Amino acid sequence: MDKKLAIELYRTMLRIRRVEEKVSALYPGDKIQSPIHLSTGQEAVATGVCLAMASADHIYGTYRGHALYIARGADLKKLFAELYAKDTGCARGKGGSMHLASPENGLMGCSAIVASTIPVAVGDALASKMSKAKRVAVAFFGDGAVDEGVFFESVNFALLKNLPVLFLLENNGYAIHSKVADRHKQTQLWRLGEGLGLKGRRYDGNDVFSVYAETKKAIDGLRRGGAPRLLEFMTHRWGEHVGAGSDFNESYRLKGEEKRARSNDPLPKARRALETKWKISRDVFDRWETELQSEIDAAVDFAEKSPFPRAERLWEDVFL
Amino acid sequence: MSAGGRIIKFGEALREAMFLAMEQDPAVFVMGIGVDDHKAVFGSTRGLVQKFGKARVFDIPISENALTGVAVGAALGGLKPVFIHIRCDFLYLAMDQLFNIAAKWRYMFGGQMNVPMVIRCVIGRSWGQGAQHSQNLTSFFMHVPGIKVAMPTTANEAQGLLLAAIEDPNPVVLIEHRLLYDIPGHVPERLGPIPFGRAEIRRTGKDVTLVASSYMAVEALKAAEFLESQGIDVEIVDPVSLVPLDRETIVNSVKKTGKLLVVDSGWSTCGVGAEIAALAAEKAFASLTGPVRRLGQEQTTCPVSKPLEKIFYPDAAKIAREVFDMMGRAFPDVEVGGLTTTFKGPF
Ligand SMILES: Cc1ncc(C[n+]2csc(CCOP(=O)(O)OP(=O)(O)O)c2C)c(N)n1
Ligand SMILES: [Mg+2]
């Protein structure tokens with residue numbers, strides 16, 4: 001790993017963290033009027049995965065999509081404008097927080113129906129193979145998505161046709177308030193596809209450098225014509241499932257979970273590596289923070305000042 | 001309304017009915033995402049798991065189609081499942097088991113078996129529920145024979161229809177509306193089932209018949225108040241039960257007023273309102289003094305952006321305007337008091 005990449009990984013995570021903090025702070029003001037699902041605590045997964053992708057690769061995500069959007073390098077102004085449901089948003093204010101997309105950055109869309117984008121990513125990989133595009137598709141989903149039949153059907157088809165698709169399982173331990181063990185006998189979720197022939201592994205999802213490295217390896221393999229794979233990254237959801245609050249004290253949470261989650265915070269881990277291995281000094285970190293803050297402020301300001309969509313927009317885009 | 005009784009919220013009425021049904025019949029069990037968690041499906045299942053235990057009240061994997069089939073099987077095996085979905089949108093995944101299996105099992109085998117199962121689902125509206133968390137699938141459920149369908153509007157109907165649904169020997173889909181959950185209403189001291197197939201006349205009037213169900217009936221009532229202040233007297237019929245449908249009450253009202261406006265709480269195209277408009281054309285044509293009108297969601301996808309969402313949905317003001325138009329009167333230069341919903345997210 002070179003220094004430039006290490007810095008980019010760290011700064012992308014920081015960007016996600018600070019954006020989510022800003023969203024949380026804004027939320028009680030009722031200007032963001034949609035359900036929000038934050039990625040605070042889970043930054044390393046989206047970051048490592050998205051940075052390991054080539055710029056032409058495609059990724060499909062879920063309603064917990066802010067992190068993917070940011071990690072694909074999409075425009076912060078359009079993100080906040082979308083959260084404000086303004087005409088200048090990345091989905092012209094029609095999608096809101098749950099439906100981010102930035103096709104020019106390879107983020108092909110986020111859906112609020114669990115598991116619904118998994119087969120779509122497989123189809124994208126089919127197109128890539130049929131047109132010899134060398135493009136890899138990533139299906140990014142949570143531990144709840146493997147409950148759905150469509151996950152297994154998609155895996156089977158992808159294997160059958162040997163498609164360049166990466167099944168990326170972000171395991172934050174919960175589907176809403178439901179633990180993995182309350183939904184699965186086999187809690188090593190990466191093994192679920194074994195009977196179908198799907199190879200995979202489980203990794204620490206809070207170490208951005210290893211998320212990057214493992215994803216890169218997998219994507220390189222797919223680009224060379226290797227079989228579809230599944231990577232499971234373990235992480236923690238710091239907030240409540242939906243909304244801006246924290247709920248570590250709720251009864252569904254495990255004892256001592258907050259402490260474990262915070263001790264696994266992916267940001268300080270990465271920062272320590274940057275400090276020790278690449279000798280990055282404190283004022284550099286401070287400068288990044290300041291730059292980021294003003295960028296976020298500008299994005300919020302842009303969202304605030306942007307107009308809502310005109311009435312006619314309601315009927316546009318049903319068909320081309 | 002009967003003397004005595006209490007005022008409770010719609011969601012609380014559902015909760016009480018769930019309790020009663022489980023107490024009365026050990027065959028009743030409840031499953032669905034979050035039925036046993038601290039949010040308890042907007043409070044409507046609160047306390048059930050504590051009282052009846054994990055065997056009868058349980059969370060499930062996110063597997064709508066398979067678990068619908070499981071519910072069918074449990075029903076064939078002698079139990080009475082209540083399967084709850086916090087959004088109707090998730091039921092698209094269960095269409096196979098619902099329509100090919102649940103709806104067909106009795107008929108396909110010549111009436112030898114029946115499927116006593118209940119599906120509860122909630123329509124989302126407002127706070128940016130958007131494309132995939134706002135859909136009303138009522139007309140889908142109505143379209144395929146073999147499933148009873150009801151939409152409670154009041155707290156009393158919530159408890160009564162839920163109890164009737166659980167007692168019913170057939171598959172029943174009960175469609176609830178998120179914005180109704182916090183509305184208080186009168187319930188009798190002793191809860192009890194309300195039979196399917198009975199429409200409610202929410203308001204009597206002579207000028208125009210409004211047919212509106214679920215949350216749209218609430219908006220229609222608001223419109224009616226305003227219209228009354230303008231000298232227009234509308235009658236509001238709430239079908240409540242869609243399958244079976246109380247055709248008689250609707251037809252009689254249309255015959256009386258000669259004018260029909262159907263306010264759909266879903267899309268108009270092939271919607272519930274289309275069925276009711278057809279009913280008027282078939283059974284009350286001679287009494288109609290003008291064309292039947294329909295209001296519904298705009299024929300587009302539900303947007304998140306608030307100003308667009310406002311246009312997307314029918315509301316009291318739109319209903320009032322439509323009625324003025326039907327009466328051949330110009331709309332006056334006054335505000336129609338919108339409904340003040342206290343609903344705030346995140347969900
Ligand atoms: C088909 C379907 N069923 C139910 C839901 C309700 N729901 C929304 S998010 C969620 C949990 C998904 O958990 P997971 O896949 O682990 O993702 P996470 O929220 O943890 O990122 C559920 C059940 C849904 N959106 N879609
Ligand atoms: Mg999860």
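On a predicted model such as this, the values are computed, not experimentally measured, just so you know. A, B, ... follow the sequence lines: proteins, then strands. Residue 1 opens every chain.
Annotation: the span from B/Lys39 atom NZ to A/Ile176 atom CD1 amounts to 9.5 Å, rounded to 0.5 Å. A distance of 12.5 Å separates OG of A/Ser178 from CZ of B/Phe58, quoted to the nearest 0.5 Å. One finds the NZ atom of B/Lys54 at 7.5 Å from the CG atom of A/Asp182 (value rounded to the nearest 0.5 Å). We find the CD1-CH2 distance between A/Ile32 and B/Trp127 to be 9.5 Å, quoted to the nearest 0.5 Å. Taking NE2 from A/His99 and OG1 from B/Thr301, the interatomic distance works out to 10.0 Å, rounded to the nearest 0.5 Å. One distance of note links NE2 of A/His37 with CZ of B/Phe347; it measures 7.0 Å at 0.5 Å rounding.
The minimum heavy-atom distance between B/Pro61 and A/Asp147, with the atom names listed, is CA-OD2, 3.4 Å. Considering all non-hydrogen atoms of both residues, A/Glu148 and B/Ser63 come closest at OE1-CA, 3.6 Å. In terms of heavy-atom proximity, B/Ser305 sits nearest to A/Phe308 at OG-CD2, 3.5 Å. The two residues A/Ile113 and B/Gln132 have their closest heavy-atom pair at N-OE1, 3.5 Å. Across B/Gly128 and A/Pro35, no two heavy atoms sit closer than the pair O-CD, 3.3 Å.
Within 6.0 Å of NE2 in B/His143 there are 12 or fewer heavy atoms belonging to other residues, nucleotides or ligands. Within a 6.0 Å radius of NZ in A/Lys31, other residues, nucleotides and ligands contribute 12 heavy atoms or fewer. With a 6.0 Å radius and a threshold of 12 heavy atoms from other residues, nucleotides or ligands, B/Lys9 has its NZ atom at or below the threshold. Within a 6.0 Å radius of CZ in A/Arg260, other residues, nucleotides and ligands contribute more than 12 heavy atoms.
Your options are A/Glu240, A/His184, A/His177, and the one with the most heavy-atom pairs under 4.5 Å with chain B is A/His177. Interface check for chain A: of the options B/Glu298, B/Arg87, B/Gln129, the most heavy-atom pairs under 4.5 Å are formed by B/Glu298. The most heavy-atom pairs under 4.5 Å with chain A, out of B/Lys310, B/His133, B/Glu309, come from B/His133.
For A/Ser111, the parts lying near chain B are the backbone and the side chain together; criterion is any non-hydrogen pair under 4.5 Å. At a 4.5 Å heavy-atom cutoff, A/Asp87 makes no contact with chain B through either its backbone or its side chain. For A/Glu82, no part lies near chain B; criterion is any non-hydrogen pair under 4.5 Å. Interface remark: B/Asp59 contributes side-chain atoms only to the contact with chain A (heavy atom separation under 4.5 Å). Proximity to chain B (any heavy atom under 4.5 Å) is shown, for A/Tyr84, by neither the backbone nor the side chain. B/Leu93 touches chain A through its side chain: at least one heavy atom from C-beta onward sits under 4.5 Å away, while N, CA, C and O do not.
Heavy-atom proximity under 4.5 angstrom to chain B picks out A/Pro309, A/Arg310, A/Ala311, A/Arg313, A/Leu314, A/Trp315, A/Val318 from residues 309-319 of chain A.
Remark: B/Phe19 engages B/Phe52 in a ring pair (Phe, Tyr, Trp, His ring centres under 6.0 Å) (not counting sequence neighbours).
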